[in-house]
Amino acid sequence: MHFGPALVFDLDGTLVDTAPDLLEAINFILKAEGRRTVDHADLRHLVGHGAKTMMVEAFAMTGGPVDPARLPGLLDRYIAHYRTHIADQSRPFPGVESTLSRLAQSARLGVLTNKPQELTDLLLPALDLARFFGAIHGAGRMEVSKPDARVFHHVIEELGGPSEGAVMIGDSATDVATARAAGVPVILVDYGYTPIPARELGADAVTGEFDEIPALAARLLGE
């Protein structure tokens with residue numbers, strides 16, 4: 001086992017463009033409820049904020065608020081549909097596979113996402129990405145989630161400890177907050193799902209090209 005730097009990646013909007021399948025699942029529910037469907041552009045910025053947020057917003061946009069009493073059942077149906085179609089249209093962003101393959105030669109790689117662990121464990125193998133990561137941490141593994149620093153430190157320990165430094169790589173304010181809480185630098189990609197432009201979120205580095213991440217991480221770690 002090598003003990004290079006630990007690079008910890010967010011999933012949705014950073015490694016994988018999951019929006020198409022998430023939003024198709026929302027539209028499946030809307031159609032079943034006799035409502036119009038929504039365009040991907042309408043809800044793309046809410047990906048990463050959880051199914052409940054997307055569901056509430058989708059109902060508000062298509063004829064009135066969702067009945068709170070019915071929301072749990074609707075969410076269960078949404079998750080069931082998404083689970084079955086989790087990788088129909090979702091794909092790694094350009095440069096992800098080749099860059100992870102290169103990074104895996106000299107760094108320890110982990111995933112830290114607020115996507116439920118069950119769904120994370122379905123998606124990454126379906127896209128043949130799980131093989132790159134020594135730790136995969138989704139929501140539900142601990143009582144806390146991002147931006148709590150404890151989940152970041154848990155991933156680092158699972159990767160063998162801080163060793164030669166660590167970096168958080170994500171696409172949102174939550175990823176920046178996680179890094180700040182954990183006391184590590186953070187790189188954001190600017191093609192993700194944040195409603196606020198990535199360059200306005202206070203990251204240590206921002207890029208539109210995933211294959212620039214190795215050089216940016218090396219610079220932030222003083223290599």
Side-chain angles (χ1 to χ4, degrees), residues 1-18 47-48 90-115 120 123-124 127-138 141 145-194 196-223:
M1 178 179 178
H2 56 72
F3 290 93
L7 306 183
V8 180
F9 295 86
D10 172 55
L11 178 51
D12 298 63
T14 300
L15 293 173
V16 179
D17 184 6
T18 53
V47 174
S90 296
R91 296 291 181 268
F93 285 106
V96 165
E97 289 184 81
S98 60
T99 302
L100 291 178
S101 181
R102 179 157 51 102
L103 282 170
Q105 305 304 311
S106 59
R108 295 165 296 142
L109 309 182
V111 169
L112 176 56
T113 174
N114 282 346
K115 195 182 199 73
T120 300
L123 178 63
L124 288 171
L127 297 176
D128 196 29
L129 295 179
R131 59 196 168 100
F132 295 116
F133 301 105
I136 296 173
H137 187 112
R141 280 193 65 184
S145 56
K146 290 190 299 184
D148 194 298
R150 286 173 287 180
V151 291
F152 184 88
H153 293 311
H154 176 81
V155 172
I156 297 302
E157 290 305 315
E158 200 169 333
L159 290 172
S163 188
E164 298 176 25
V167 179
M168 180 76 211
I169 298 108
D171 71 320
S172 71
T174 300
D175 297 310
V176 175
T178 302
R180 296 298 173 240
V184 301
V186 56
I187 301 168
L188 291 186
V189 295
D190 68 5
Y191 51 70
Y193 302 142
T194 174
I196 302 170
R199 296 184 186 278
E200 298 176 14
L201 295 176
D204 298 295
V206 180
T207 181
E209 304 294 335
F210 196 89
D211 60 10
E212 292 181 352
I213 287 173
L216 291 172
R219 176 171 63 80
L220 291 175
L221 292 171
E223 297 179 8

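- Distance check, rounded to the nearest 0.5 Å: CG of D211 to CG of L100 gives 11.5 Å.
- Side-chain atoms of T178 come within 3.5 Å of backbone N or O of T174 as a donor-acceptor pair.
- Rounded to the nearest 0.5 angstrom, L15 CG and S90 OG are separated by 12.5 Å.
- Using a distance-only test at 3.5 Å, with no hydrogens or angles considered, a donor-acceptor pair links the side chain of K146 to the main chain of L112.
- Between H137 and T113, every side-chain heavy-atom pair lies at or beyond the 4.5 Å cut-off.
- Nearest heavy atoms, A198 versus V189: CB-O, 3.7 Å.
- The shortest side-chain heavy-atom distance between K115 and T120 falls under the 4.5 Å cut-off.
- Here the shortest heavy-atom pairing between A179 and M168 reads CB-CB, 3.9 Å.
- With values rounded to the nearest 0.5 angstrom, L201 atom CG is found 11.0 Å from D190 atom CG.
- A donor and an acceptor atom, one from each side chain of D10 and Y193, are nowhere located under 3.5 Å apart.
- Side-chain contact between R141 and E158: present, with at least one pair of heavy atoms (C-beta onward) separated by less than 4.5 Å.
- With values rounded to the nearest 0.5 angstrom, S101 atom OG is found 6.5 Å from R131 atom CZ.
- Taking 4.5 Å as the limit, some side-chain heavy atom of P214 sits within range of a side-chain heavy atom of R102.
- When all heavy atoms of G95 and T99 are compared, the pair lying nearest together is O-OG1, 2.6 Å.
- Residues V155 and G110 approach most closely at CG1-CA, 4.4 Å, considering heavy atoms.
- By the neighbour-count criterion of 12 heavy atoms within 6.0 Å, atom CZ of R150 is sparsely surrounded, having that number or fewer from other residues, nucleotides or ligands.
- The side-chain hydrogen bond (donor to acceptor under 3.5 Å, both in side chains) search around T207 returns E212, not counting sequence neighbours.
- Residue L11 is tested with I136, L129, L123 for a side chain to side chain contact (heavy atoms under 4.5 Å, CB included); the sole match is L123.
- With rounding to the nearest 0.5 Å, the separation of OG1 in T194 from CZ in R199 is 13.0 Å.
- Checking D175 against S172 by side-chain atom types alone, a donor-acceptor pair falls below 3.5 Å.
- A side-chain N or O of D12 and one of T18 form a donor-acceptor pair less than 3.5 Å apart.
- Annotation for L216 and A205: closest pair CD2-CB, 4.1 Å, computed over non-hydrogen atoms.
- Across all non-hydrogen atoms, the minimal contact from A181 to P147 is CB-O, 3.7 Å.
- With V167 as reference, I187 is the one residue of I187, V186, V184 to meet the side chain to side chain contact (heavy atoms under 4.5 Å, CB included) rule.
- Note that CD1 of I169 is 8.0 Å distant from CG of L103, once rounded to the nearest 0.5 Å.
- Within the structure, ring pair (Phe, Tyr, Trp, His ring centres under 6.0 Å) pairs that include any residue of residues 172-192 comprise F93-Y191 (at least two apart or interchain).
- For the side-chain hydrogen bond (donor to acceptor under 3.5 Å, both in side chains) test, residues two or more places apart in sequence or in another chain that qualify with R180 are D204.
- In this structure, F9 has its ring center closer than 6.0 angstrom to the ring center of F210.
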